[in-house]
Amino acid sequence: MDLSDILDPLNEPQRQAVCAPSGNLLVLAGAGSGKTRVLTHRIAYLIRIGEASTYNVMAVTFTNKAAREMRQRIEQILGTPLSGMWVGTFHGIAHRLLRSHWQEAKLPQTFQIIDSDDQYRLIRRSLKELDLDEKRWPPKETQWKINYHKDEGVRAGAIDVQGDLYLETFVRIYLHYEDLCQRNGLVDFAELLLRAQELWLQHPEVCRHYRDRFRHLLVDEFQDTNAIQYSWIRTLAADQSHTFVVGDDDQSIYGWRGAKVGNLQQFQRQFTEVELIRLEQNYRSTRTILTAANALIDNNGDRLGKNLWTAGEEGEPIRLYGAFNEIDEATYIVEQIERWVRGGRSRQEVAILYRSNAQSRVIEAALLQHGLPYRVYGGLRFYERAEIKDVLAYLRLCTNRDDDPSLERIINTPTRGIGGRTLDMLRDYARDHEMSLWRSAERMIAAGALTPRATAALQRFLDLIAEMSCGSEVSLEQQVDAVIKLSALGDHYKKEGREKGLSRIENMEELVSAAKSFVHGEDLEEGEEAMDDLTAFLAHAALEAGEGQAEEWEECVQLMSLHSAKGLEFPLVFIAGVEEGLFPHKRSLQEEGRLEEERRLCYVGVTRAKEELVLTYAEVRRLYGQENFSHPSRFLREIPEECVQIVRLQGVAAPISAGQKKGASFTTEAASTTSFSLGQQVTHPKFGEGTVVQSEGSGAQARLQVNFDRVGLKWLVIAYAHLQPL
DNA sequence: TAAGGCAACTTTTTT
DNA sequence: AGTTGCCTTA
């Protein structure tokens with residue numbers, strides 16, 4: 001048997017992992033150490049040597065993108081399509097199970113998946129129905145709490161309130177929400193996993209079936225699994241499956257949303273005879289970058305331990321630029337990118353990373369000013385746009401009339417004379433008679449319980465939906481098209497103003513073509529043919545929200561948060577805003593363990609860089625309309641000096657003219673022969689070194705505000721302060 | 001019913 | 001600063 005195409009591209013530890021005998025394996029894969037390669041080659045290997053067929057393998061990832069890539073790469077190696085193999089996200093696979101076993105899972109066959117926006121609306125509705133004040137029960141927080149419990153595998157009924165009034169109320173909300181979902185046939189993201197887990201536990205015969213089948217389980221990014229995901233895998237694996245887990249505790253950055261780094265250790269303890277393999281050879285970054293990354297992460301305790309190394313070159317030093325303000329910072333970054341491009345390199349190779357999305361604005365402005373094309377990751381995705389969600393709501397109502405949230409969304413969009421009064425009456429009726437809004441509308445019309453005007457408007461709406469639900473005779477594409485035409489959403493959005501309305505209409509057209517190219521049923525198994533095209537399309541829309549922008553991303557500088565940069569790599573990386581308070585973020589300092597997570601985030605950022613890394617911070621940053629004075633991040637001190645080249649322009653005022661409204665590059669000649677300018681480095685006999693950040697007054701009263709490295713902000717009268725320019 | 005004004009937010013994000 | 005959701009007013 002020829003295994004060379006699978007094994008030759010691997011180094012020793014990688015090969016060990018790929019060829020390990022069937023058992024439980026934990027691969028601790030450092031950044032850039034070829035984790036995906038190991039995963040894909042492992043699967044290819046198992047199939048090639050006949051240890052498993054595609055039918056026996058389940059591979060789980062966190063994102064659809066990762067799942068797609070994995071499938072693609074394995075197919076490439078094996079040169080054959082992978083039918084029967086389950087490769088997908090936790091949620092995607094759970095969904096698939098629930099579709100096949102909707103009865104055992106106690107779901108209606110037409111159940112639909114709701115995204116967090118839909119969930120938010122449902123929770124607000126629950127609060128309203130329970131007569132609870134949103135001030136006391138902020139919907140966002142309540143939503144977070146419910147999801148937290150679900151992620152921990154805890155149902156409302158399982159919470160012991162112990163006479164705690166607050167907790168008791170929370171449980172009432174949680175219960176009500178669960179009830180609402182059940183009655184409407186709706187399943188939120190966390191519910192998918194929880195239901196799937198309960199399906200295993202309550203139906204051992206179902207569980208046994210899949211256990212026998214999936215003798216090989218592979219899980220990517222294991223450090224990101226939460227409690228329910230872990231126990232789901234644990235339940236499925238039992239002691240019969242071989243579980244191959246890949247992760248990196250140093251890249252765990254999602255603790256704040258319930259991910260448990262501890263699951264890596266837990267896996268080691270709970271699964272039988274876990275072999276541990278470390279991948280430490282890095283194929284991505286220069287030695288300098290790795291030295292910095294290693295030193296940085298070494299400040300975290302409680303690690304599984306790992307040291308990245310490379311056979312490659314030392315490379316350029318990491319550059320550190322201390323900007324005067326965020327505008328100066330952005331200008332510096334853009335100038336450096338221009339230099340890079342002048343040197344014959346491509347814009348696509350450059351990424352600008354930041355801790356919080358709000359930072360992108362200033363950088364975008366600078367890029368725009370210099371005519372550099374860029375692309376910002378994050379933000380609203382395709383299926384999350386209002387107009388798309390509107391169309392989807394119509395479609396969902398076509399499949400399931402009892403979907404109240406969808407009905408509420410579009411009953412008066414576009415406006416058709418069904419106002420708040422009518423809706424309130426509908427809601428009351430629905431609640432009193434425990435039925436859906438749709439049925440209530442039918443009944444109330446029949447009973448003549450509404451004004452003639454409202455009755456007519458409602459009837460028109462009911463007829464409209466009936467007209468749209470032409471059933472399975474027409475194609476998916478035609479149905480989507482019909483909904484858009486009949487709903488008159490186009491006209492509705494046209495009123496919204498030229499630019500915006502036009503793009504919304506384009507998006508709706510895009511949805512039609514998405515429906516056209518949507519193929520469902522390629523890889524169907526027994527019990528799955530029950531799902532019709534429309535249901536499958538709606539599930540797809542909910543589970544895969546789509547790309548941020550479908551626009552061309554060639555030759556663009558990439559802007560994104562540090563979180564979304566995980567898993568990517570770029571020859572030139574900027575990390576902007578490396579300041580105390582911003583990175584590490586001040587809100588992470590309150591909570592236990594969050595600082596370590598921030599450090600891991602920094603580690604992730606640093607290890608994105610292949611060739612060059614530039615870190616920047618600003619002395620003054622305007623954030624939320626407030627000027628903030630800050631200090632370089634502690635993380636900067638944790639990077640060895642010999643890796644870093646400091647590029648602050650000494651003794652010369654930073655170029656602050658751009659956008660600085662008043663006092664641009666002022667001087668204070670009157671008080672002293674020495675002049676100071678904003679951003680200038682100075683030294684004080686008592687306070688040490690600092691930066692001039694603000695000025696006030698003139699002549700003998702002229703004062704300067706200086707941000708000192710050691711003692712922070714001070715106002716000083718120039719005439720007495722004995723400041724020396726550095 | 002629709003528009004306009006005002007107050008209250010503002011870490012990170014996938015499914 | 002800029003957005004977003006809520007409430008008032010026409």
Side-chain angles (χ1 to χ4, degrees), chain A residues 60-67 88-95 113-121 124 134-135 138-141 144 147 150-151 187-193 196 221 224-226 228-229 252-259 326 353-359 361-362 365 377-381 383-384 386 412-423 453-454 457 492 495-496 539-546 548 560-567 577 581-591 594 597-598 600-602 604-605 621-627 659:
Chain A
V60 195
T61 62
F62 273 85
T63 64
N64 293 296
K65 190 170 158 232
T89 62
F90 277 99
H91 295 85
I93 289 174
H95 172 245
I113 303 167
I114 54 170
D115 66 13
S116 39
D117 186 59
D118 301 327
Q119 185 186 38
Y120 176 78
R121 290 160 195 266
R124 290 191 61 188
E134 290 198 359
K135 291 260 153 43
K140 268 264 166 307
E141 215 173 287
W144 191 88
N147 285 336
K150 287 193 177 191
D151 285 344
V187 175
D188 63 47
F189 291 133
E191 184 75 23
L192 283 170
L193 300 169
E221 307 270 24
D224 288 340
T225 52
N226 62 28
I228 191 80
Q229 287 158 343
S252 159
I253 54 174
Y254 288 112
W256 52 274
R257 63 173 199 210
E326 76 279 3
L353 312 180
Y354 34 76
R355 176 67 242 262
S356 71
N357 291 115
Q359 287 171 253
R361 187 178 297 280
V362 184
Y377 282 68
L380 268 195
R381 270 117 29 104
Y383 288 107
E384 288 167 355
N412 204 32
T413 311
T415 48
R416 47 175 72 89
I418 305 174
R421 288 260 311 124
T422 313
L423 249 173
R453 228 179 80 167
H492 170 71
K495 287 184 227 147
E496 208 184 58
H540 164 84
L543 284 175
E544 186 161 6
M560 68 190 85
S561 71
L562 285 149
H563 282 89
S564 30
K566 199 174 94 169
L582 187 61
F583 192 29
H585 198 278
K586 55 181 173 302
R587 289 174 72 158
S588 69
L589 300 175
Q590 268 107 312
E591 237 180 304
R594 288 284 177 263
E597 184 156 305
E598 294 282 304
R600 291 193 291 267
L601 188 57
C602 189
V604 166
R621 183 176 297 276
R622 187 174 273 278
L623 204 62
Y624 308 133
Q626 279 276 298
E627 282 207 322

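Proteins come first, then strands; the chains are lettered A, B, ... in the order of their sequence lines, and each starts at number 1.
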Requested in this report: Could you pull out the closest heavy-atom pair between A/Arg594 and A/Ser588, with the gap in Å?
Outcome: CB-O, 3.0 Å
All N/O contacts under 3.5 Å from nucleotides 7-9 of chain C to the protein, with atom names and distances to one decimal?
none

**Report entry** Ring centroids of A/His585 and B/dT11 base under 5.5 Å with planes under 30°
**Finding:** yes
**Report entry** Under 4.0 angstrom between A/Ser588 side-chain N/O and B/dT12 OP1 or OP2
**Finding:** no
Query raised in the report: Looking across every strand, which nucleic acid part, if any, lies under 4.0 Å from A/Phe583 by heavy atom: base, sugar-phosphate, or nothing?
Result: nothing
Requested in this report: Select one nucleotide: of B/dT1, B/dT14, B/dT15, the one nearest the side-chain heavy atoms of A/Thr415.
Outcome: B/dT1
Query raised in the report: When you check the gap from the basic side-chain N to the acidic O, do A/Arg381 and A/Glu544 get nearer than 4.0 Å?
Result: no
Requested in this report: Would you classify A/Arg416 as touching base, sugar-phosphate or nothing, given that sugar-phosphate means primed atoms plus P, OP1 and OP2, and contacts are heavy atoms under 4.0 Å?
Outcome: nothing
Query raised in the report: Counting any heavy atom closer than 4.0 Å, what does A/Asp188 reach on the DNA or RNA strands: base, sugar-phosphate only, or nothing?
Result: nothing
Query raised in the report: For the pair made of NZ in A/Lys65 and P in B/dT13, what is the distance, rounded to whole Å?
Result: 14 Å
Query raised in the report: Can you check the A/Gln359 CD to B/dT10 P distance for me, whole Å?
Result: 17 Å
Query - N-O pairing of A/Arg124 and A/Glu134 below 4.0 Å - result: yes
Query raised in the report: NA contact type, A/Asn357, heavy-atom cut-off 4.0 Å: base, sugar-phosphate, or nothing?
Result: sugar-phosphate
Query raised in the report: Ignoring hydrogens and geometry, is there a side-chain-to-backbone donor-acceptor pair from A/Asp118 to A/Asp115 under 3.5 Å?
Result: yes
**Report entry** d(OH, A/Tyr254; P, B/dT13) in whole Å
**Finding:** 7 Å
Query raised in the report: Looking across every strand, which nucleic acid part, if any, lies under 4.0 Å from A/Phe62 by heavy atom: base, sugar-phosphate, or nothing?
Result: sugar-phosphate
Query raised in the report: Would you call the rings of A/His540 and A/Tyr383 parallel, tilted or perpendicular if under 30° counts as parallel and over 60° as perpendicular?
Result: perpendicular
Query raised in the report: Atom CH2 of A/Trp256 to atom P of B/dT12: distance rounded to whole Å?
Result: 8 Å
Report task. Compare the aromatic ring of A/Phe189 with the six-membered base ring of B/dT14 and state whether they stack according to the 5.5 Å and 30° rule. Result -> no
Query raised in the report: Does C/dG5 have OP1 or OP2 sitting under 4.0 Å from an N or O in the side chain of A/Arg121?
Result: no
Requested in this report: Indicate the atoms forming the closest heavy-atom contact of A/Lys140 with A/Tyr120, along with that distance.
Outcome: NZ-CD1, 3.4 Å
Query raised in the report: If you look at every strand shown and take non-hydrogen atoms under 4.0 Å, does A/Ser564 touch a base, only sugar-phosphate, or nothing?
Result: sugar-phosphate
Report task. Quickly work out the A/Asn412 CG to B/dA2 P distance and round it to whole Å. Result -> 6 Å
Requested in this report: State, yes or no, whether a side-chain contact exists between A/Phe189 and A/Ile114 at a heavy-atom distance under 4.5 Å.
Outcome: no
Query - OP1 or OP2 of B/dT13 under 4.0 Å from side-chain N/O of A/Ser561 - result: yes
Query - Side-chain donor/acceptor of A/Arg587 to base of B/dT11, under 3.5 Å - result: no
Query raised in the report: With a 4.0 Å cut-off on heavy atoms, is A/Ile93 in touch with a base, just the backbone sugar-phosphate, or nothing at all?
Result: nothing
**Report entry** Nearest-angstrom distance from the residue atom CD of A/Glu141 to P of B/dT11
**Finding:** 13 Å
Query raised in the report: In whole angstroms, how far is the C1' atom of B/dT14 from the CG atom of A/Leu193?
Result: 11 Å
Query - Between B/dT12 (C1') and A/Glu598 (CD): distance, integer Å - result: 8 Å
Requested in this report: Can you figure out which of B/dT11, B/dT15, B/dT12 approaches the side chain of A/Tyr624 most closely?
Outcome: B/dT11
Query raised in the report: Any side-chain donor paired with an acceptor under 3.5 Å for A/Gln229 and A/Asp151?
Result: no
Requested in this report: Among B/dT15, B/dA2, B/dT11, find the nucleotide with the atom closest to the side chain of A/Arg355.
Outcome: B/dT11
Query - Basic-acidic side-chain contact under 4.0 Å: A/Glu191, A/Lys150 - result: yes
Report summary line: Of the candidates B/dT14, B/dA2, C/dG2, the side chain of A/Arg361 sits closest to C/dG2
